[in-house]
Structures are given as C-alpha cells and as structure tokens.
Amino acid sequence: MAQTQRASNEPGMRLNHQKAPGTGTLLSWEEIRREPSVFDDRCTRTTLRGRTMDAGTGNSVGAVRRSKEDRKVLRKQLKASHTLLKHEGIRTTPQPTKTLVVANGGLGNGVSREELSAALGEMGELETLIMHPHKPYAFVTYRSEESARKAHVRLNGEKLECRESSVTLYLSYVNSVTCEEEVSVPLPDGLVLVEDFVSQEEEAVLLAAIDWSSTNDDFTAKKALKHRKVKHYGFEFRYDNNNVDKDKPLAAGIPQECLPFLERCVKNKHIDILPDQLTVNQYESGQGIPPHVDTHSAFEDTILSLSLGAMTVMEFRHPDGRLVAVVLPGRSLLVMKGESRYLWTHGITARKFDTVPARGPQSPARTAPDLSACSNLTLSKRDTRTSLTFRKIRHEPCGCAFPSACDSQVAPLAPPPPSPPSLPCCHADAALLEEEYVHRVYDAIASHFSSTRHSPWPRVCHFLSTLPAGAVLADVGCGNGKYLGVNPEVMAVGCDRSSALVHICAQRGFQAFVSDALRVPLRTASCDACISIAVIHHFSTQERRRAAVRELVRLLKPGGRALIYVWAFEQEYKKQRSKYLKEHPEKHSPTEDAQTGSSQEAHGESSIHTSRRLEDLQDATESKLSVHTNRTAFNTQDLLVPWHLKEGKKQVDEESREGERKDETKEKSQKTNTGFGSGLDTSAKPSASGDTTPTCGSALKSESEISAAPVFHRYYHVFQQGELEQLCGQEAGVTLQSSYHDQGNWCVILEKALGTDL
C-alpha cells in the first residue's frame with residue numbers, strides 16, 4: 001500500500017500576504033488561517049514521516065515549526081494552483097467541494113492508479129478517480145464533501161511513496177470535472193487478440209521448453225541481441241537480410257510442447273496449416289523491438305504471437321500515420337492476418353512502464369482503447385516477457401494486395417545504395433556520426449536551408465514576447481537567427497555549430513557565435529531565458545541529449561525559463577495530422593521533388609520498403625539507420641532524413657556567393673513554413689524536415705545525384721510522447737512548467753528553481 005509522509009522543511013522567505021487559491025485576492029496570514037478551504041484544522045495537527053500527533057502535546061517550538069511548515073505547504077499549493085490554471089486551464093476554487101485536483105499525482109509523475117487510490121481512499125469513499133495519460137495531475141471526486149475536506153487537510157504537502165520514486169501531493173478544490181466516455185478504436189483489419197488463450201499450467205510448460213541455458217547456439221540459432229534474447233526453431237531468421245534460408249533448416253524443430261497449443265489454433269480456425277518456424281524473444285524490463293513488418297517473401301499470411309509472462313503494449317502503425325496501441329496481457333494470443341500482417345508495422349517501445357487501461361479488454365478483442373483519450377488509466381510495470389512467434393515458411397513469391405509494402409512485388413534496385421551508418425555505441429562514435437551527418441551538412445546547405453527558414457513559429461514567438469525588457473536570451477542552435485529579432489526589447493545572442501549559418505546571422509545584424517550546444521561559452525546563470533528549437537533531436541545518444549538539456553539549465557539564472565522543441569514521432573496527434581504529413585510526396589513528380597528539395601528518395605522506393613531494407617528492424621543489424629521517405633509517418637525513432645539541394649551543386653555555389661542579398665519583399669511573399677532554426681521543415685518547399693548532415697565521399701549519395709541534385713542525409717532522433725518530459729525530468733533543480741504538441745513537435749517549458757547553483 002502506498003504510504004504518505006510530510007515533505008521536509010525547506011528554507012524560504014517569510015511572506016506577509018498571499019493569494020487565495022484560484023483567486024486574485026490578497027489575504028493576510030490571519031485571514032488565510034480563518035479560511036476553512038485553505039487550512040481547515042491543519043493547525044491542530046502535525047505529521048512527521050506518516051505519524052500524527054495532537055498539537056496540544058507539543059511545545060511552543062513545535063508550534064512555530066508547524067506554522068512554518070504550513071506556510072511552506074500553502075505556498076506550494078498556491079503555486080500548483082497557478083500552474084494548473086496557466087498551463088492546463090484548470091481553475092481551482094477556495095470553497096470546499098466533493099472534487100479535488102491532485103497536483104503531482106498523475107501518471108506523468110510515475111504515480112499509478114492503485115498507489116494514488118490507496119492514499120486517497122484512506123480519507124473516505126471515492127466516487128471517481130480520473131488520470132489522464134502523461135499528465136502530472138489527477139482528479140478525485142468523493143462520495144461526500146466531508147471526505148474531500150479531510151483529504152484536503154491531511155494529504156496536502158504529504159509525500160506519496162511510489163515504487164520507483166516519491167512525489168509530494170498538493171490538493172485544491174475544483175467545482176466539477178467532466179468524465180469523458182472511454183473511446184475505442186478498431187483494431188487493424190485482420191488483427192485479433194484472444195486473452196487467456198493458454199492456462200497458467202500450459203504457460204509454465206511452454207516456458208520450461210525454451211532452454212536459455214543451452215550452449216549449443218547452432219542447434220536453435222540462439223542470439224543475444226542488443227535489446228533482447230532470441231532463439232529460432234525450424235528455420236533461422238537472419239537479421240542481416242531480414243529473411244530465412246529456406247534450404248537450411250535448423251536441427252531443432254518446433255518443440256513438441258507447442259503442439260497442443262498449435263492444434264487448438266487450428267481447431268479455433270486461427271490458422272489452416274501448422275507453422276514450421278518459431279522465433280522466441282525474451283524481453284527484460286526496459287527492452288523492446290523497433291517497428292517492423294515481417295518480410296513478405298519469407299512467410300505466409302497468418303502470424304501467431306503468444307505472450308507469456310508480463311504484460312506489454314504493442315503499437316501498430318499504418319503508413320498514413322494512424323496508431324493503435326494494443327495491450328498484450330500474459331497468456332494472450334495475437335493473430336495477424338491480411339492488412340495487419342502485410343501493411344501495418346508493429347513494435348514495442350523500450351520503456352519500464354506502460355500506460356494501460358485500469359480494466360482489461362474482453363476476449364476476443366476487436367477494438368482497442370484509445371490510450372490518448374482515456375481517463376481510466378494506470379501504470380503497468382514491465383517485467384520479463386517471452387513471446388513465441390509462429391510462422392509458415394513461404395516457398396513462392398508473395399502476391400499480396402499490398403504491393404507498395406511487398407518485397408516480392410517491388411522491382412529490384414540497381415545498383416543498391418551504400419549501406420547507411422549504425423547507431424553509435426560510445427561517445428566517440430556519437431561525435432563522429434554527428435560530425436558527418438549533422439555538422440557538415442549544415443555548412444554545406446546553409447544558404448539553401450536559410451532560404452526556407454524565414455517565418456518564426458507563433459508559439460515560440462509568444463514565449464519570447466513574455467520576456468521582460470532587458471532580459472538576456474540565449475538561442476542555442478540559432479540557425480539563421482530568425483528568432484533573435486522577434487523581441488527587440490531583450491538582449492539576444494545566438495550560437496550554432498554551423499559557421500556558415502552564424503555568418504548569415506552576422507549579415508542580418510544579429511549577435512551570434514560558433515559553438516557546440518554541449519559546451520556554450522557563456523557564464524553559468526547568466527541568462528533569463530534560453531531556447532533550443534529543433535536542436536536536441538540531432539544528438540545521437542540519450543546521454544548527449546540529456547547533456548544538451550543540462551547545458552541549457554546551467555545557462556539559466558534561478559527562476560529563468562527554457563523552451564525546447566524536438567521533432568515528434570507522432571506526426572498525427574489528437575486526430576490532427578501535422579503539416580509535414582498533409583502534403584504526401586506521391587502528389588509530386590520526382591522532378592518537382594528534386595527541384596524543391598521536398599524529396600522522395602532518389603531511388604523511388606516506398607517508405608515501408610525503404611525502411612525495412614535499410615534498417616534491421618529486428619536487431620543484429622538493428623542499429624543500422626534507415627533513410628526516411630519525406631512526408632510519411634515515421635517507422636523508427638533514429639533515422640536519416642534527406643535534404644535535396646535546389647538545382648544541384650551549381651545552385652549551392654551561386655547561393656553561397658549570393659549570401660543573404662535576397663530581396664526582402666520576395667522573402668516575405670514566400671509561403672509560410674514550419675521550420676525551426678537549424679531544425680524541422682514541414683513546409684511543402686523546399687525540404688522535408690529540418691537539419692541534417694552532409695554526405696561527403698562516404699555519405700549516402702550517388703555520382704548522378706551529385707551532378708544533378710545533391711542529396712544530403714541528416715541524422716534525427718524523433719521523440720515519442722512523454723520522452724522529452726522524462727529526459728528533462730532527470731535534471732535536478734528544474735520544474736516542468738508545461739508541455740505540448742505543436743505541428744509535429746514535442747515542446748516543453750522548463751523553469752530553473754530558485755536557489756539552484758548549477
């Protein structure tokens with residue numbers, strides 16, 4: 001059961017007046033103490049590490065300490081109310097009601113429904129508990145107002161001990177909260193989920209049949225991959241070519257222990273013929289598998305996936321961007337046929353907790369809950385999960401109804417493109433990758449890139465407009481400096497890794513210098529605000545992305561704020577497609593793409609086929625980076641995004657000489673795009689997405705491309721929902737003020753805590 005305890009005392013200034021929660025009225029401390037919704041009977045009790053004692057048993061020193069503690073809790077409570085109003089539009093009320101908003105008690109803080117419900121339930125009977133995905137707050141409604149008052153008094157300022165961490169709760173009254181009906185989305189065509197397909201006894205037998213201790217790797221083609229362990233039976237699935245060698249069966253066939261399960265699948269008409277290939281994957285907490293489509297030419301239509309052990313969430317994604325998250329309980333069977341098998345990618349995001357419905361779906365399931373719109377959610381901690389994937393080897397070319405995604409029906413390429421780079425495994429490799437596929441590219445495409453980055457984004461402008469006159473602003477990764485002149489009342493300075501872009505800034509009259517975003521030569525705590533627009537997604541490891549956030553925090557003064565934008569994996573959010581997806585590349589001819597930089601792949605492949613061929617979506621070479629097809633949904637988080645230079649190498653030289661001597665009137669008449677500094681471009685012209693690295697002799701471009709329309713490839717790590725908040729939350733001394741999705745980007749505003757030295 002979750003336990004609560006009073007948060008420890010913190011030093012702070014004595015306040016003579018304070019605002020009543022949710023109002024603009026200034027109250028004296030005497031008036032505050034008389035306000036029942038604020039203090040109630042708080043002054044008659046004190047809580048230390050979960051133990052309560054009557055104030056009458058304490059001495060005068062204890063009374064003073066309680067007073068200071070109460071004042072600190074009130075300040076925190078008021079700040080939480082103000083933050084909820086400013087960033088979430090949630091208005092609190094000083095008058096007691098049956099409904100409370102619980103700040104810091106949300107799924108976004110790592111608090112599960114069970115943990116929060118246990119703590120709230122000690123105060124009285126709950127009517128509803130609403131927890132929205134990724135939010136740092138929850139709503140609770142009690143059966144009686146008396147219970148709500150009790151919770152307001154006793155739980156404000158209490159620490160809730162969770163499995164992985166602890167949070168301090170702050171509760172405020174709200175008049176009402178709308179409990180939205182649960183929304184379901186249909187499963188992909190051909191996908192069926194059957195819960196409890198095997199019993200616990202059968203599960204134990206099947207797990208025992210998979211002997212991970214065996215040292216004979218050739219017998220079952222056992223492999224230890226980067227993100228999981230794997231064994232093959234019948235035939236080995238080779239990750240170097242994403243196919244099977246049909247003429248070399250393994251010595252180990254499908255274990256006999258699987259036969260009763262397979263016969264039941266035939267009896268229930270999930271399959272018509274017994275499979276002859278089995279792949280067993282074992283995932284530990286925090287592990288996953290990238291999105292992929294099982295190779296068409298390797299296997300027949302129906303694929304069976306049996307989940308044993310812990311629950312997980314598998315994400316199915318359509319090429320048009322639709323996403324369906326399917327909860328896979330232990331002992332459940334997933335059947336993939338038709339469109340769900342041939343067209344939709346499926347994968348498991350590597351994380352330690354999943355957001356899942358508090359009540360599981362019925363079996364067999366034909367729909368899945370829309371996790372982005374549900375409120376009846378909780379957190380599920382991942383544990384060891386073993387999946388058994390049964391397939392039938394295909395001996396003839398695939399003739400499915402999805403030729404754009406089918407390797408049997410796509411004409412072979414001649415010659416094949418060079419092999420893309422791999423994800424770095426150490427700091428030195430990461431620096432080399434970024435030098436080749438980020439830094440050099442921006443120096444090479446600077447002029448063309450700058451011509452597409454002339455319209456600042458409205459929400460970035462709003463952030464800059466809130467800065468007071470005389471504030472010091474640092475734009476880290478400023479690109480061509482388009483944000484440096486937005487607010488002329490502030491002292492703005494920019495830096496960028498590209499000397500060519502910094503030169504453009506100087507030509508425009510802006511203060512900028514060349515610098516790496518990990519080591520900015522500015523004094524610690526020298527800036528009132530920092531912005532990092534479309535920069536951090538170019539760092540190729542988690543450690544370097546975190547270091548970039550840490551550097552922004554270092555630059556901020558206590559109380560200063562930072563705005564961060566990164567490209568989002570989810571280009572469709574709340575049923576709204578980003579501008580990046582709205583104009584699909586198939587609407588243009590290859591000639592138009594080459595001229596504008598809007599970029600289909602030079603070799604003309606579909607997005608699914610390209611990604612599957614160039615990256616190992618199923619490990620071994622799983623670290624290989626895929627080349628993304630512009631203006632299509634992402635199939636993986638780490639990728640290379642093409643930039644097609646306008647009219648080839650000649651245009652580059654002309655633009656370099658031309659510099660910024662372009663007619664300003666013509667620039668203003670150009671179509672507004674959604675680019676960010678050295679960042680994303682989701683406009684129709686001239687490119688597909690933001691920053692990137694040049695391709696030198698070793699880069700991914702052919703001689704014909706160099707002479708006609710040079711193509712450069714830029715490295716990106718596109719962020720999944722909640723990933724940026726989690727990254728920023730690892731840094732001490734900062735508060736997440738708000739987070740939002742803005743035209744295909746995840747965005748956060750951070751505030752550096754007062755009294756922070758770093």
Side-chain angles (χ1 to χ4, degrees), residues 1-12 40 42 45-53 65-66 68-70 72-77 79-81 83-84 100-126 128-142 147-172 285-286 310-311 351-356 358 375-383 722 725-726 728-736 753:
M1 179 179 292
Q3 296 181 350
T4 59
Q5 68 179 48
R6 177 72 67 190
S8 60
N9 287 324
E10 296 175 359
D40 224 349
R42 183 186 302 282
R45 64 188 298 277
T46 178
T47 305
L48 298 174
R49 299 190 179 275
R51 291 165 48 192
T52 303
M53 62 188 212
R65 289 178 179 171
R66 288 195 298 276
K68 288 182 178 179
E69 182 176 319
D70 289 335
K72 189 202 79 169
V73 171
L74 178 60
R75 287 197 300 271
K76 297 275 190 177
Q77 181 189 5
K79 183 177 180 180
S81 296
T83 301
L84 288 168
L100 297 148
V101 59
V102 186
N104 292 339
L107 298 172
N109 298 90
V111 180
S112 72
R113 174 176 294 270
E114 293 76 16
E115 291 165 337
L116 184 60
S117 180
L120 296 172
E122 293 180 359
M123 304 297 109
E125 185 179 358
L126 306 184
T128 59
L129 177 59
I130 298 176
M131 304 182 76
H132 294 291
H134 309 293
K135 293 298 184 181
Y137 57 83
F139 294 99
V140 59
T141 300
Y142 282 92
S147 297
R149 290 167 64 97
K150 184 178 179 182
H152 186 273
V153 170
R154 297 191 179 181
L155 294 182
N156 249 315
E158 296 292 319
K159 276 191 177 179
L160 179 64
E161 300 294 339
C162 304
R163 284 170 291 188
E164 299 290 320
S165 61
S166 64
V167 296
T168 303
L169 304 179
Y170 297 101
L171 287 73
S172 300
S285 177
M311 174 192 298
R351 55 187 173 223
K352 294 186 177 181
F353 287 88
D354 286 312
T355 302
V356 300
S375 58
N376 186 35
L377 300 173
T378 188
L379 295 179
S380 172
K381 190 178 189 309
R382 286 193 185 173
D383 205 336
E725 292 91 330
Q726 183 180 25
C728 296
Q730 297 176 15
E731 294 305 311
V734 294
T735 301
L736 180 64

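When all heavy atoms of Pro136 and Asn109 are compared, the closest pair comes out as CA-OD1, 2.8 Å. Here the shortest heavy-atom pairing between Gly105 and Met131 reads O-CE, 3.5 Å. What you find for Leu129 and Ala138 is that their closest heavy atoms are CD1-CB, 4.4 Å. Between Tyr142 and Leu126 the shortest heavy-atom distance is CE2-CD2, 3.2 Å. Across all non-hydrogen atoms, the minimal contact from Ala119 to Leu155 is O-CD1, 4.0 Å. Minimum heavy-atom separation, Gly110 to Glu115: O-OE1, 4.1 Å.
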Report the C-alpha separation of Thr355 and Leu379 in whole Å, then their side-chain angles, then the decisive distance to 0.1 Å, and conclude whether the side chain to side chain contact (heavy atoms under 4.5 Å, CB included) test is met.
CA-CA 5 Å; Thr355 302; Leu379 295 179; 3.8 Å; yes
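For the residue pair Glu114/Thr378, the side-chain donor-acceptor check at 3.5 Å is satisfied.
Annotation: the span from Asn104 atom CG to Tyr137 atom OH amounts to 12.5 Å, rounded to 0.5 Å. Atoms OG and NE2, from Ser147 and His152 in turn, are 14.5 Å apart once rounded to the nearest 0.5 Å. With values rounded to the nearest 0.5 angstrom, Arg149 atom CZ is found 15.0 Å from Met123 atom CE. One finds the NZ atom of Lys381 at 13.0 Å from the SG atom of Cys162 (value rounded to the nearest 0.5 Å). Atom CD1 in Ile130 sits 11.0 Å away from atom CG in Leu377 (nearest 0.5 Å). Here the straight-line distance linking atom CG of Leu107 with atom CG of Leu116 works out to 9.0 Å at 0.5 Å rounding.
Counting only heavy atoms from C-beta outward, the side chains of Thr168 and Lys76 never approach each other to under 4.5 Å.
A donor-acceptor pair under 3.5 Å is formed between the side chain of Arg382 and the backbone N or O of Arg351.
In this structure, Gln730 places its CD atom where more than 12 heavy-atom neighbours from other residues, nucleotides or ligands lie under 6.0 Å away.
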